[in-house]
Undergrad: 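Pasting in a structure now, in structure tokens, and then I'll have a few things to ask.
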There are 2 protein chains.
Amino acid sequence: MNINIYDVSKKAGVSIATVSRVLNGNAKVSEKTRDKVINAMKELDYTPNVFARGLGLNTMKTIGIMCIDSSDIYLANAVYYLEQELRKYNYDSILCCTGKDYNNKKNYLELLLSKRVDGIILAGSQFVENTSEHNNDYIINAAKDVPIVLVNGYLDADNIYSVMCNDEEAVYNATKLLINNSHRNIVYLYTSTSYSGMNKYRGYLKAINEAGITLPDEFHHLCGKNISHARDYLTYLYDKGMKFDAVMTSDDSIAAGAVKFAHTHGTRIPEDLEVIGYNNSVLSLCTEPELTSIDSKVEELSSCAVSVLMKVLSGEDADNHSIIAADIIKRNTTIF
Amino acid sequence: MNINIYDVSKKAGVSIATVSRVLNGNAKVSEKTRDKVINAMKELDYTPNVFARGLGLNTMKTIGIMCIDSSDIYLANAVYYLEQELRKYNYDSILCCTGKDYNNKKNYLELLLSKRVDGIILAGSQFVENTSEHNNDYIINAAKDVPIVLVNGYLDADNIYSVMCNDEEAVYNATKLLINNSHRNIVYLYTSTSYSGMNKYRGYLKAINEAGITLPDEFHHLCGKNISHARDYLTYLYDKGMKFDAVMTSDDSIAAGAVKFAHTHGTRIPEDLEVIGYNNSVLSLCTEPELTSIDSKVEELSSCAVSVLMKVLSGEDADNHSIIAADIIKRNTTIF
DNA sequence: TTGTACGCGTTATCAA
DNA sequence: TTGATAACGCGTACAA
């Protein structure tokens, strides 16, 4: 074990430079010596030491993937596709689940920098903050060291690249479909006030406003990602006597909660209540009826994110801002 | 950028040895010089080079996590908990999604070894093979280099540690509950012939046999992890006129498919058909009615896996074989 | 086409 | 308590 380049060079009767050349395959080496070296490597079961290589080249071809919570269905998909895509370029992925705490996010980002990753992908919209106490300087600063790609987040700063879904338009179009089905009382339930979260909300508002609809404040509500939260909130509205005939959501889990509500209140879906989910996750296939859902294209988003990052790392120009169009997948919680 | 230990030593007016000592905090350094060094570090914004450290110590405190598919709900949870747990010990996680192909698994395992990770966790039962063409030598060989922990897999070999759930007993108990509810025609649908998969199946068989029940071959069936697969297979049985009154499964997705079947055939759950899922995933909360499901304790499994690995890495004794007891979570697809 | 020698930034060993 | 210096194993400029 722990054979090094010297052992190989000795066995092959050449210098370490030649072994290195064979290893990296670029420089000219004669057929004969190449064979000798390769044989020696095989006999010794030699594996180059990645730490030494990393030290010399100052890279170990590693990308840091940060997300709030990789067990979340959407983020799990993102992480999966990101890893697969990075692997194609021979990059390793270091996973970092930060949770929602601001200081944790900050510390983990610094941790990744100290590991000297070649780039960082922030998966999910929850990294860009918009509050008075917290700001995004930690991301902007990190980007001075390595390129940073935001998947479903937006930040206009040097060496930061954004890959996003057209959330606003997607929700706008979906809401318009509901309006065209002569719904006026459309509840909007969402889980996040992130950049992407607010875009979705804007899409809803735009459609509502354009149709000249005014709704009480209770009709839009920030709720947790638990199925029961959405169910309970709709029950609350129902008990208050506030009539609604459609629910637009920012996540399938909320839509699943809306379906639960309907079941417990004898409300027929889609006849009495139409529901639209978001992310087109496996949840949309579990509910009864199955959810109409907006496909936010995680796979495309992830592959685009990696492709942008690879371009940047190889010194090519890359778009600072990429947008991918969502689809609406029609199932049985809507009539259209 | 790229300040090194020499820069710090110069600024602080000490030798690099002293800087290193301050950095690692073990050896004796006087209060005064320590302060000088720490100040110099801060002023220069020094970060130790992990590659150089890795080269010297021959470790970068990194664990490889392999899984078939990190977007699978169960594995996504496993990966999440593993990463969180490893982080507590200051280990990084390199994620590797291999897919089901044998050669891929093999190659990825070798890849991780070549990256010189300190240990490898194989998450999910699908790594240990039991076929004539394929065997588990690749894992056994890898274990000669680094400790390997199997989460939900079993292999009796040197430097390989198994952490498992008592799948057989869990399914046995659950099936007995169904039998006690005077069900005789219990279908068993499963997704995998892995070690863990076969244990579950054995649990079902044991309960059935003990009760003196004999069932046609069609009553146990290997089907895909798609909700529609299970639904379609049950439809096939139904159309063939084979009556069944309960479905035991090896995964919530199959159970969700069974619920789907019931919806499309006017079968009442749990009155006409009882269904039990496995893994107690978010799916079990989405279906209508919600799934009774076996909680296979991913979190405990993951934390146990990491704890075993950490013990091994620190030279302590560790159990070769750990077993964690599953729970059954009763919801509305069963009567008991 | 091949070989020599140095640099990469640590940690660790030995003297002082 | 501190300092000088040798590893660690690779890539590569330069020389041959």
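Residue numbering restarts at 1 for every chain, and letters A, B, ... go by the order of the sequence lines.
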Undergrad: Please confirm whether the shortest side-chain N or O distance from A:Ser15 to OP1 or OP2 of C:dT2 is below 4.0 Å.
TA: no
Undergrad: If you walk 5' to 3' along DNA chain D, what is the first nucleotide with an atom under 4.0 Å of a heavy atom in chain A, and what is the last?
TA: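 So the contact region on DNA chain D extends D:dG9 to D:dT12.
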Undergrad: Could you name each residue pair satisfying salt bridge (charged side-chain N to carboxylate O under 4.0 Å, His left out) that touches residues 79-97 of chain A, not counting sequence neighbours?
TA: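 Matches after skipping sequence neighbours: A:Glu83-A:Arg87, A:Glu85-A:Lys88, A:Arg87-A:Asp92, A:Asp92-B:Lys115.
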Undergrad: Rounded to whole angstrom units, what separation is found between the CZ atom of A:Arg21 and the C1' atom of C:dT4?
TA: 11 Å
Undergrad: Side chains of B:Asn141 and B:Lys144 only: does a donor on one sit below 3.5 Å from an acceptor on the other?
TA: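 Note: B:Asn141 and B:Lys144 side chains meet the donor-acceptor criterion.
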Undergrad: Which part of the nucleic acid does A:Val50 contact within heavy-atom distance under 4.0 Å: base, sugar-phosphate only, or nothing?
TA: nothing
Undergrad: For the atom pair NE2 (B:His321) and CG (B:Leu155), what is the distance rounded to the nearest 0.5 Å?
TA: 11.0 Å
Undergrad: Is the number of heavy atoms from other residues, nucleotides or ligands under 6.0 Å of B:Asp317 CG greater than 12?
TA: no
Undergrad: Is any side-chain heavy atom of A:Lys105 closer than 4.5 Å to one of A:Ile139?
TA: no
Undergrad: Kindly check if the number of other-residue, nucleotide or ligand heavy atoms within 6.0 Å of NZ (B:Lys61) is above 12?
TA: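 Buried by this count: over 12 neighbours within 6.0 Å.
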Undergrad: Distances for protein N/O vs nucleotides 8-10 of chain C N/O pairs under 3.5 angstrom?
TA:
from   : atom 1 : to      : atom 2 : distance (Å)
C:dG9  : OP2    : B:Asn4  : ND2    : 3.4
C:dT10 : OP1    : B:Tyr46 : OH     : 2.7
C:dT10 : OP1    : B:Asn49 : N      : 3.0
C:dT10 : OP2    : B:Ile5  : N      : 2.7
C:dT10 : O5'    : B:Tyr46 : OH     : 3.2

Undergrad: Are there over 12 heavy-atom neighbours, none belonging to B:Glu316, within less than 6.0 Å of that residue's CD?
TA: yes
Undergrad: Are the side chains of A:Lys11 and A:Ile3 in contact, using a 4.5 Å heavy-atom criterion?
TA: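 They are not in side-chain contact.
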Undergrad: For the side chain of A:Ser30, counting heavy atoms from C-beta on, which of C:dT11, C:dT1, C:dG3 is nearest?
TA: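 Nucleotide nearest to A:Ser30's side chain: C:dT1.
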